[in-house]
Amino acid sequence: MSMAGSEQNKIPQPLWLLAELTYACPLQCPYCSNPVDMAKVKSELTTEDWKKVLREARAMGATQLGFSGGEPLVRTDLEELIAEARQLGFYTNLITSGVGMDEKRIKAFKEAGLDHIQVSFQASSEELNNFIAGTNAFEHKKEMARLVKKYGYPMVLCFVLHRKNEDQIRDILDLSIALDADYVELATTQYYGWAFHNREQLLPTRAQLKHAEAVAKEYQDKMKGKMKIYYVIPDYFEDRPKRCMDGWGKVFLTIAPDGTALPCHAARQLPGLEFPNVRDHSIEWIWNESPDFNKFRGFDWMKEPCRSCPEKEKDLGGCRCQAFMLTGDARNADPVCSKSPHHQQIVDLVNRVDKMAGKPAFEEKPMIFRNMKNSKKIIEEKESELN
Amino acid sequence: MLKDEKDKAIGPDVIPEIPTTHRLQWEQAQDCYVILYPEGMVKLNASSAEILKCCDGKRDVKTIIEDLQKQYSEANIEKDVLNFLEVAHVNGWIRTK
Ligand code: SF4
Ligand code: SF4
């Protein structure tokens with residue numbers, strides 16, 4: 001969130017509330033950032049629980065609200081939650097695949113006061129889109145995008161880029177123009193959750209990235225003032241980490257489908273943290289007092305090389321989840337950083353993908369699609385490893 | 001919204017308004033007015049907010065300056081208002097007709 005003229009607040013406020021309404025989703029994107037053990041989550045928050053979350057977060061200063069999931073359209077109380085949120089003064093964003101949407105619902109959302117709909121596409125061609133999504137959705141999505149426009153919402157299209165669709169970038173942008181998008185997010189795959197499992201198959205090559213970057217730039221210039229195109233280089237290809245979530249417990253508050261409160265949607269996997277639940281605690285306590293939200297605030301938790309690094313205020317040592325996934329300790333520097341002793345791991349992976357990409361034996365390795373069946377399988381595998 | 005063929009550069013006769021995709025709102029927790037838009041927010045200082053509140057799609061820039069001048073008897077505010085409206089326009093917080 002860009003904050004013109006904002007000062008560093010002493011006590012941070014959760015300006016952004018991400019309400020992950022459900023882990024249910026008709027799609028099976030192999031880059032989904034939901035936790036791979038999502039099948040463990042049995043009971044979802046009720047409508048009343050969510051309303052309490054909305055009220056309390058709003059009172060704490062939250063202004064932006066994203067309804068996401070899974071697929072938020074699966075919740076039949078979505079209209080009711082939108083109305084409640086809007087009445088509280090949130091700017092309400094619906095982050096959806098468009099599957100499960102129809103004109104009637106788009107209209108009902110508008111009446112409820114929804115401000116904005118972001119439709120995600122998996123690719124620019126029907127074949128690849130449907131392969132990645134694991135379902136037949138491409139034509140329907142295009143139709144939904146048109147309706148979003150028709151009902152006067154700002155149109156934001158989101159494409160998650162990776163090796164299998166990176167070369168389609170020109171078609172992706174042409175499709176966005178044809179659909180009359182106002183904003184296009186060329187989101188780079190973040191290697192959490194399912195994407196981490198599939199990262200060898202998803203990581204683009206350096207040549208692909210270079211091409212994508214050039215095309216994105218070309219369209220940014222061409223569409224200046226008409227369409228805003230966001231493009232970020234994936235952090236695996238950088239030598240400094242991103243300032244993850246703008247800081248732990250600083251701006252973002254995610255509430256998972258079962259009420260678990262997280263400083264970031266990927267944080268659930270971090271060991272040694274119990275993350276509070278909104279069923280047991282108020283948002284105020286969770287944000288201000290809970291040990292887990294305070295765990296990585298400030299700089300005291302840092303280890304070397306971050307602790308004595310002059311750049312620590314800039315990137316805050318990067319992403320805790322990435323540090324954990326790649327080094328086993330969330331307090332380490334994000335290995336994206338070239339000062340991290342674990343950085344070579346990432347370089348090796350990028351090199352390997354560069355060398356192997358396009359070779360049938362490498363490309364044919366199947367991806368693990370995100371669905372409850374695979375989730376249960378992964379849970380079982382993990383449990384048998386422990387025994 | 002970003003695209004609007006009819007959008008004109010800021011001048012005395014154009015009528016600015018906040019597009020339907022954006023919202024100007026008082027934020028108790030921030031103790032200031034903010035502009036909200038898809039996935040973003042900008043905090044406004046008091047004078048910027050006063051100017052944006054005048055962008056109601058009815059008054060032209062000339063009238064807005066006159067109205068504000070009445071409220072603030074300070075020296076000439078015309079230049080400040082025009083400057084801010086230009087910034088607001090470039091950022092898409094207002095559009096013109
Ligand atoms: S990334 Fe794909 S599978 Fe995951 S929630 Fe979104 S649409 Fe569903
Ligand atoms: S050592 Fe840590 S603080 Fe310094 S640049 Fe690298 S990640 Fe950032």
Side-chain angles (χ1 to χ4, degrees), chain A residues 1-7 9 11-16 18 57-66 68 86 88-95 110 113-118 148-149 151-158 177 180-185 223-230 251-252 284, chain B residues 1-11 14 16-53 55 57 80-97:
Chain A
M1 183 165 355
S2 75
M3 305 269 289
S6 74
E7 12 26 84
N9 281 342
I11 305 158
Q13 287 168 322
L15 293 176
W16 238 112
L18 187 68
R58 182 74 188 116
M60 299 273 300
T63 53
Q64 290 283 342
L65 168 66
S68 82
R86 179 58 197 264
L88 288 168
F90 277 107
Y91 192 92
T92 49
N93 307 278
L94 174 61
I95 300 158
K110 190 84 202 178
L114 183 63
D115 290 295
H116 153 228
I117 301 180
Q118 176 188 301
V148 164
K149 197 81 192 180
Y151 280 88
Y153 295 101
M155 197 210 297
V156 182
L157 297 183
C158 175
I177 294 173
D180 214 8
D182 297 299
Y183 304 83
V184 182
E185 262 187 62
M223 298 305 290
K224 206 164 176 195
K226 297 194 199 123
M227 191 169 98
K228 255 196 190 150
I229 302 168
Y230 299 98
V251 179
F252 288 89
E284 193 184 355
Chain B
M1 247 175 273
L2 292 166
K3 288 166 242 196
D4 199 336
E5 303 300 323
K6 289 168 290 184
D7 216 49
K8 297 186 212 122
I10 298 294
V14 305
E17 69 181 347
I18 296 170
T20 51
T21 53
H22 286 56
R23 212 155 76 215
L24 175 68
Q25 161 173 316
W26 171 257
E27 275 300 301
Q28 195 57 50
Q30 312 288 340
D31 198 27
C32 69
Y33 275 92
V34 299
I35 284 262
L36 296 170
Y37 52 92
E39 300 183 17
M41 171 172 100
V42 173
K43 293 191 204 181
L44 299 164
N45 62 26
S47 58
S48 308
E50 284 309 315
I51 301 170
L52 282 179
K53 276 199 261 173
C55 299
D80 292 340
V81 175
L82 285 175
N83 283 348
F84 174 74
L85 285 175
E86 260 156 38
V87 171
H89 194 218
V90 168
N91 283 299
W93 307 336
I94 51 172
R95 65 173 164 210
T96 57
K97 56 183 183 188

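Naming: A, B, ... by sequence-line order, numbering from 1 per chain.
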Counting only N and O atoms by type, is there a donor-acceptor contact under 3.5 Å from the side chain of Glu27(B) to the main-chain atoms of Thr63(A)?
no

Hey, what do you get for OH (Tyr91(A)) to NE2 (His22(B)), rounding to the nearest 0.5 Å?
7.0 Å

Looking at Gly66(A), Gly61(A), Gly89(A), Ala62(A), which makes the most heavy-atom pairs under 4.5 Å with chain B?
Gly89(A)

As an exercise, state the distance from CG of Leu36(B) to CG of Leu65(A), rounded to the nearest 0.5 Å.
11.5 Å

Is a donor on one side and an acceptor on the other found under 3.5 Å between the side chain of Gln64(A) and the backbone of Tyr37(B)?
yes

If every non-hydrogen atom of Gly152(A) is compared with every non-hydrogen atom of Thr20(B), which pair is closest and at what distance?
O-OG1, 4.4 Å

Between CG on residue Asp182(A) and OG1 on residue Thr21(B), distance to nearest 0.5 Å
7.5 Å

Heavy-atom closest contact (Pro38(B) atom, Val156(A) atom, distance):
CB-CG2, 4.4 Å

Evaluate whether atom CD of Glu284(A) has more than 12 neighbouring non-hydrogen atoms of other residues, nucleotides or ligands under 6.0 angstrom away.
no

Taking atom NZ of Lys224(A) as the centre, does the number of heavy atoms from other residues, nucleotides or ligands within less than 6.0 Å exceed 12?
no

